[in-house]
Number of protein chains: 2
Amino acid sequence: MATKRASQVKQSVWLTPRPARGRRSSRAGEGGPGSLDREVIVAAAVRLLDELGEPKFSMRALASRLDVTPMSLYWYVADKDDLLELALDVVAGEMALPEVGDGTDWQDGLRALAVTWRATMLAHPWAIRIYGDYLNIGPNSVRYSARALEIARSSPLSEADAMAALSAIFQYTYGFTATEVNWAEKAAEANGSTDDLIEEITEAVRDLPGVADSGIIVERPREPDHLLRERDFHRALDWLLIGMQSGLR
Amino acid sequence: MATKRASQVKQSVWLTPRPARGRRSSRAGEGGPGSLDREVIVAAAVRLLDELGEPKFSMRALASRLDVTPMSLYWYVADKDDLLELALDVVAGEMALPEVGDGTDWQDGLRALAVTWRATMLAHPWAIRIYGDYLNIGPNSVRYSARALEIARSSPLSEADAMAALSAIFQYTYGFTATEVNWAEKAAEANGSTDDLIEEITEAVRDLPGVADSGIIVERPREPDHLLRERDFHRALDWLLIGMQSGLR
DNA sequence: ACCTGAACACCGTTCAAGT
DNA sequence: ACCTGAACACCGTTCAAGT
């Protein structure tokens with residue numbers, strides 16, 4: 001990730017689309033070793049990433065999952081970076097595209113864009129970790145971005161404001177979801193729920209130098225974390241949308 | 001990162017603070033090999049991370065920079081994770097704390113919190129990449145968080161809204177800055193400015209399948225990127241603050 | 001055309017040993 | 001108390017070789 005060719009903008013698989021190699025789906029659904037294929041490899045990568053998480057995922061682990069030598073993968077993908085970029089676009093393909101136009105409100109549209117993005121990333125926590133390392137211009141990502149553009153432009157906002165609105169919604173959603181995923185992963189490592197972890201951390205932080213002696217009160221929320229999270233996520237979206245609206249007069 | 005002890009919540013150096021080992025600053029400013037110290041190591045780590053970036057930083061590289069064997073570092077820090085967590089708190093120490101109370105507006109306070117956080121992270125791009133992997137409860141981080149709490153509570157918002165407001169500001173700022181850093185890093189890899197990169201990508205994306213044939217117009221902004229970024233960053237903060245304000249009546 | 005084996009240049013970290 | 005050397009269990013990727 002981000003450790004790529006040091007020169008031009010070949011920064012993406014999608015900009016130098018070598019054709020997928022391997023048997024071109026002759027007799028579909030054959031299975032078993034030997035039936036390698038770029039799509040098969042990428043699909044297996046997504047599943048293994050879901051299983052192991054990004055830090056434990058490796059080319060070697062993927063190869064052994066597919067019952068081949070690590071190096072055989074390199075017949076189909078240029079390197080690990082390219083494979084991950086392909087995997088990201090598979091994930092992007094899972095995002096439900098919100099409707100646009102006539103009946104639907106642009107504010108509902110923007111919210112729906114945020115909601116589907118978050119849901120998809122929560123389903124593949126590794127994806128949000130590497131998301132920023134790639135351009136995300138695969139067919140599925142592009143489809144999503146195009147719809148996002150349409151929705152933003154269907155609003156009464158100026159072109160500049162519409163673009164800023166899209167960025168704002170997206171960057172907030174990115175930050176929120178990344179934080180969310182990190183807590184979930186920390187909780188999983190501690191073999192507990194996010195609530196347990198928050199409880200423990202809150203206790204511990206209370207006794208920290210600089211906290212105990214200052215006047216700050218550190219309270220843990222009295223509400224289950226996932227409910228609070230849901231509410232807070234939408235509350236900030238409300239705030240953003242209200243703010244956007246307000247500029248219209 | 002995130003590859004830690006699989007059991008309890010010893011998830012942070014700060015929760016199990018082994019005393020820093022090494023000569024306790026006898027005759028300060030001695031320099032040269034042999035004058036190892038936890039602080040010296042962490043400071044060197046920050047500098048090397050600034051220089052190399054996170055992906056190229058390694059315990060071995062740090063050791064060779066300090067003219068010692070890799071393993072000598074492990075006398076002072078438990079592992080790489082702990083070292084990075086310590087480095088992150090050094091960075092947190094660079095954040096300017098906004099004033100709170102009487103004279104100053106809570107909205108200006110929240111904005112200042114976002115601005116200083118972003119500025120600090122832009123100065124140490126590696127920091128934002130690993131930020132989410134740690135609890136960030138070192139003394140400097142805690143000082144910042146405490147001030148953030150004070151500012152939020154100085155607002156007329158309800159306790160719940162004040163907490164949600166803080167999250168919203170922070171998560172938006174995190175998302176915005178992370179995106180910003182990623183673009184800057186991609187530009188650096190391509191040996192060009194962010195503007196050049198955006199230009200090239202925009203051109204390339206235009207010709208992509210699914211873009212060319214659809215009706216979407218992909219235009220590049222007519223304004224230098226850093227200006228646009230500054231404006232957009234603050235515009236979304238405006239929107240959030242307007243939204244928060246609006247709930248008060 | 002597709003896959004393998006050996007090898008290279010890396011990692012973080014262990015352990016026992018040196019001073 | 002502090003530092004080292006050798007070794008282990010990993011990485012991604014090269015290259016030449018097999019079929």
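Reminder, nothing fancy here: chain letters follow the sequence lines and each chain counts from 1. Worth knowing before you read on, the calculation uses all heavy atoms, side chains too, and leaves out hydrogens, waters and symmetry mates.
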Decide if the gap between the ring center of A:F176 and the ring center of B:Y174 is smaller than 6.0 angstrom.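 Between A:F176 and B:Y174, the centre distance exceeds or equals 6.0 Å.
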
Distance flag, aromatic centroids of B:W117 and B:Y131, threshold under 6.0 Å: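 Yes, they do, as the ring centres are separated by less than 6.0 Å.
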
Write down the protein N/O and nucleotide N/O pairs, taken from nucleotides 12-16 of chain D, whose separation is under 3.5 Å; answer none if there are no such pairs.
from, atom 1, to, atom 2, distance (Å)
D:dG12, OP1, A:M59, N, 3.1
D:dG12, OP1, A:K80, NZ, 3.1
D:dG12, OP2, A:M59, N, 3.2
D:dG12, N7, A:R60, NH1, 2.4
D:dG12, O6, A:R60, NH1, 3.1
D:dT13, OP2, A:Y74, OH, 2.7
D:dT13, OP2, A:K80, N, 3.0

Give a yes/no on whether any side-chain N or O of [X] is located under 4.0 angstrom from OP1 or OP2 of [N].
X: B:W75; N: D:dC2; answer: yes
X: A:T69; N: C:dC3; answer: no
X: B:S72; N: D:dT4; answer: yes
X: A:Y76; N: C:dC3; answer: yes

For DNA chain C, what is the dot-bracket line, given that a base pair needs Watson-Crick (N1 to N3, plus N6-O4 or O6-N4) or G-U wobble (N1-O2 and O6-N3) geometry with both distances under 3.5 Å, and | means paired with another strand? ||.|||||...|||||.||

In whole angstrom, give the distance that lies between atom CG of A:L66 and atom C1' of C:dT4.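 In whole Å, C:dT4 C1' and A:L66 CG are 16 Å from each other.
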
Round to a whole Å and report the spacing from NZ of B:K56 to C1' of C:dA9.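 About 14 Å, once rounded to whole Å.
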
According to side chain to side chain donor-acceptor pair (under 3.5 Å), who are the partners of A:R47, at least two apart in sequence or on a separate chain?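 Residues passing side chain to side chain donor-acceptor pair (under 3.5 Å) with A:R47: none at all.
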
Is A:L88 close to A:H124 at the side-chain level, that is, under 4.5 Å between some pair of heavy atoms?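 Side chain of A:H124 against side chain of A:L88, heavy atoms only: no contact under 4.5 Å found.
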
Between [X] and [Y], is there a side-chain N and carboxylate O pair less than 4.0 Å apart?
X: B:K186; Y: B:E189; answer: no
X: A:E185; Y: A:R129; answer: yes
X: B:R118; Y: B:E180; answer: yes

Kindly determine whether A:V13 and A:V77 satisfy side chain to side chain contact (heavy atoms under 4.5 Å, CB included), including the steps that lead there. CA-CA 9 Å; A:V13 229; A:V77 293; over 6 Å; no

